[in-house]
Amino acid sequence: MYQDFDRLREKIKKVLERYKADFPEVKVDRDYFPLKISEEWGECMQAYLMLTDRGRNKGKTKEEMRAMLSDEFADVLGFLLLFGESEGIDPAEALAKKWFKHLE
């Protein structure tokens, strides 16, 4: 499990480096990740509301809405892992300490 998180983080960091190279005007500082998590979570919830018939569907099919939800979820997860990395948090260790202790 730990190796899976490490591989994910490495791939996500490569995408971030490419993004920073393509958009040097974007200031990626300590606040960037928590702010992006909030933005992407809002977009994830918008897609969820659309999918669950509690938001305008904007002419999208259920399949398109499910794809939107998946894409936005990926954004949230990616930025969450980047945030943890930037703050020195190992997600596998944090989960083991906080959640998985209840499995013992």
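Because the structure is predicted, anything quoted here is derived from the model rather than measured.
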Find the distance between [atom1] ([X]) and [atom2] ([Y]) and round it off to the nearest 0.5 Å.
X     : Y      : atom1 : atom2 : value
Met65 : Leu49  : CE    : CG    : 11.5 Å
Leu81 : Ile12  : CG    : CD1   : 4.5 Å
Asn57 : Lys60  : CG    : NZ    : 9.5 Å
Glu40 : Phe79  : CD    : CZ    : 5.5 Å
Trp99 : Lys101 : CH2   : NZ    : 11.5 Å
Asp29 : Ser86  : CG    : OG    : 10.0 Å

Nearest atoms (heavy-atom pairs only) where Arg7 meets Asp4: NH2-OD1, 2.6 Å

Check this for me, if you would: do [X] and [Y] make a salt bridge, where the nitrogen-to-carboxylate-oxygen distance has to be below 4.0 angstrom?
X     : Y     : answer
Glu10 : Lys13 : yes
Glu63 : Arg66 : no
Lys20 : Glu17 : yes

Find out whether [X] and [Y] are in side-chain contact, i.e. whether some heavy atom of one side chain is under 4.5 Å from a heavy atom of the other.
X     : Y     : result
Phe5  : Asp90 : no
Phe33 : Val28 : yes
Lys58 : Met68 : no
Asp75 : Cys44 : no

Tyr32, OH atom: more than 12 neighbouring heavy atoms under 6.0 Å: yes

Over 12 foreign heavy atoms within 6.0 Å of NZ, Lys62: yes

Same apolar cluster (I L V M F W Y, side chains within < 4.5 Å links), [X]/[Y]:
X     : Y     : answer
Phe73 : Leu16 : yes
Val15 : Phe83 : no
Met45 : Ile37 : no
Trp41 : Ile89 : no
Phe23 : Leu35 : no

Stepwise, does the side chain to side chain contact (heavy atoms under 4.5 Å, CB included) test hold for Arg30 with Glu87? CA-CA 8 Å; Arg30 187 172 186 186; Glu87 294 299 316; 2.8 Å; yes

